[in-house]
Number of protein chains: 2
Amino acid sequence: MYLTQRNQYALRAIVELARQVGKGPVKVSEIAKAQAIPLRFLEVILGQLKGSGLVDAKRGYYGGYFLLRQPEDITVGSVVRFLQGEPDLKECQSCISNRQCPFENNCAFASLWSRVNEAVFNIYDETTIKDLVPDEPVARF
Amino acid sequence: MYLTQRNQYALRAIVELARQVGKGPVKVSEIAKAQAIPLRFLEVILGQLKGSGLVDAKRGYYGGYFLLRQPEDITVGSVVRFLQGEPDLKECQSCISNRQCPFENNCAFASLWSRVNEAVFNIYDETTIKDLVPDEPVARF
DNA sequence: ATATTCTCGACCCTTTTAGTCGAGAAAGCA
DNA sequence: TGCTTTCTCGACTAAAAGGGTCGAGAATAT
């Protein structure tokens, strides 16, 4: 739900891939430059992202990263879920251990947290990567 | 939006005060015990909370903390806002500095973050402390 | 006086997050 | 073949955030 800098970088990297869809693999260095992300850090992030099945990479001269699905078929929710996993909100986050919950597992906070989480993921799930790609500036003549 | 352990402790402390409303000041040690919060840490938290105008304290023998408003008049939103301040969501959180935003301040993320934030605070604002106080177990005979 | 309870600032420790680095492996090119 | 490019992998470091503690002082009641 709360997105770290790293996870925002990941999203922006995917957006950049979406922006260049159809132009073949995009180099990490290119993404890093376009999105102002530290290069070596981005390498790590994209490496992780490969595990999601959303992107893949090719090495060598014409190498780089590319999307495995259309931008409109990738939701922010699916990316976020992959990056941080779904939090276990059935159990109240206020209680370190469930055994010593001061409300004896009848805790009103649990419902609050899960409602919040649901609201957030509703938004994430209805937002696709395509929605995040900036519109091309209209050509002037 | 994202609540730290500390901020959840704060909320639970207030809930405990609400639970005991009308019984005079509640000692920190009592709150700590009831809500399973580390005592010395709770002292710090309640000290901060005094600045919100929602609670106040009295020292000495019959001292302790107490609410300055009715539980139903305190929203979770007002507490959270005091604890963490409203994030500055007009500007995209992805960009370290606004000057070097790769999207040139026309960033689709900004809208996403603010929609998420709004959704979360809608829930926080419509939830009062009273809603979080567990129902008294019905007396059986 | 004295016991009680909040008050204040400084302090410490652990975990998370951000970011870097060097060497290696695949892919293309000459 | 050998050279260049670009991803790949694991280890590593640094900074920040978060959680929690402590001692001494100040108000309040008996």
Side-chain angles (χ1 to χ4, degrees), chain A residues 1-13 16-17 20 23-52 55-68 80 83-85 87 93-97, chain B residues 1-13 16-17 20 23-52 54-68 83-85 87 93-97:
Chain A
M1 147 181 170
Y2 156 79
L3 294 192
T4 61
Q5 181 82 7
R6 175 191 178 116
N7 289 169
Q8 296 188 32
Y9 284 162
L11 274 173
R12 282 167 51 197
E16 185 61 26
L17 292 181
Q20 308 218 19
K23 299 185 188 165
V26 185
K27 303 188 215 322
V28 177
S29 56
E30 224 178 313
I31 304 173
K33 195 175 167 194
Q35 296 286 331
I37 301 171
L39 174 62
R40 300 305 295 261
F41 195 26
L42 182 57
E43 287 179 353
V44 177
I45 293 167
L46 283 168
Q48 180 195 7
L49 228 36
K50 274 207 320 175
S52 71
V55 310
D56 203 1
K58 207 184 136 193
R59 308 191 204 190
Y61 202 87
Y62 288 115
Y65 278 85
F66 48 90
L67 293 181
L68 291 175
V80 171
L83 291 173
Q84 58 187 200
Q93 303 289 295
S94 293
C95 310
I96 294 94
S97 97
Chain B
M1 146 180 171
Y2 156 79
L3 294 193
T4 62
Q5 183 82 6
R6 176 192 177 114
N7 289 169
Q8 296 189 31
Y9 284 162
L11 274 173
R12 281 167 51 196
E16 185 61 25
L17 292 181
Q20 307 219 19
K23 298 184 187 167
V26 186
K27 304 187 214 324
V28 177
S29 56
E30 225 178 312
I31 304 172
K33 195 175 167 193
Q35 297 285 333
I37 301 171
L39 174 62
R40 301 306 298 263
F41 195 26
L42 182 57
E43 287 180 352
V44 177
I45 294 167
L46 284 168
Q48 179 194 8
L49 227 36
K50 275 209 319 176
S52 72
L54 297 171
V55 309
D56 202 0
K58 208 185 135 194
R59 306 190 204 189
Y61 203 87
Y62 286 116
Y65 278 85
F66 49 91
L67 294 181
L68 291 175
L83 291 173
Q84 57 186 200
Q93 302 291 295
S94 293
C95 310
I96 294 93
S97 98

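So you know, we letter chains A, B, ... as the sequences are listed, proteins then strands, and number each from 1.
In this structure, the CZ atom of B/Phe41 is 15 Å from the P atom of D/dA17, given to the nearest Å. Counting to the nearest Å, the C1' atom of C/dG19 and the OH atom of A/Tyr9 are 9 Å from each other. The distance between atom CZ of A/Arg12 and atom P of C/dA18, rounded to the nearest whole Å, is 12 Å. Rounded to an integer number of Å, the gap from CD1 of A/Ile31 to C1' of D/dT6 is 12 Å. Between B/Leu46 atom CG and C/dC8 atom P the separation is 13 Å, expressed in whole Å. A straight line from CG of B/Leu42 to C1' of D/dG19 spans 13 Å, rounded to a whole angstrom. As a whole-Å value, the separation of A/Gln48 CD from C/dA18 P is 12 Å. Here C/dT17 presents its P atom at 9 Å from CG of A/Asn7, a figure rounded to the nearest Å.
Between C/dT7 and B/Tyr65, a contact under 4.0 Å exists linking OP1 or OP2 to a side-chain N or O. For B/Lys50 and C/dT7, the shortest distance from a side-chain N or O to OP1 or OP2 is below 4.0 Å. The side chain of A/Ser29 contributes no N or O atom lying less than 4.0 Å from OP1 or OP2 of D/dT6.
Evaluation of the salt bridge (charged side-chain N to carboxylate O under 4.0 Å, His left out) rule for A/Glu30 yields no partner, not counting sequence neighbours. Scored by the side-chain contact (heavy atoms from CB on, under 4.5 Å) test, A/Tyr61 finds no partners at all (sequence neighbours excluded). For A/Tyr62, the side-chain contact (heavy atoms from CB on, under 4.5 Å) criterion is met by no residue, not counting sequence neighbours.
A heavy-atom distance below 4.5 Å is found between the side chains of B/Phe66 and B/Asp56. For the pair A/Val80 and A/Asn7, the minimum side-chain heavy-atom distance is 4.5 Å or more.
The stretch residues 34-51 of chain A participates, sequence neighbours left out, in these salt bridge (Lys or Arg N to Asp or Glu O under 4.0 Å) pairs: A/Arg40-A/Glu43.
Considering only the side chain of B/Pro38, D/dG20 comes nearest among D/dG20, D/dC7, C/dC6.
Taking CD from B/Gln35 and CZ from B/Arg12, the interatomic distance works out to 5.0 Å, rounded to the nearest 0.5 Å.
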Just by protein heavy atoms under 4.0 Å, how would nucleotides 22-30 of chain D read 5' to 3' in B, S and -? BB--BSBSS
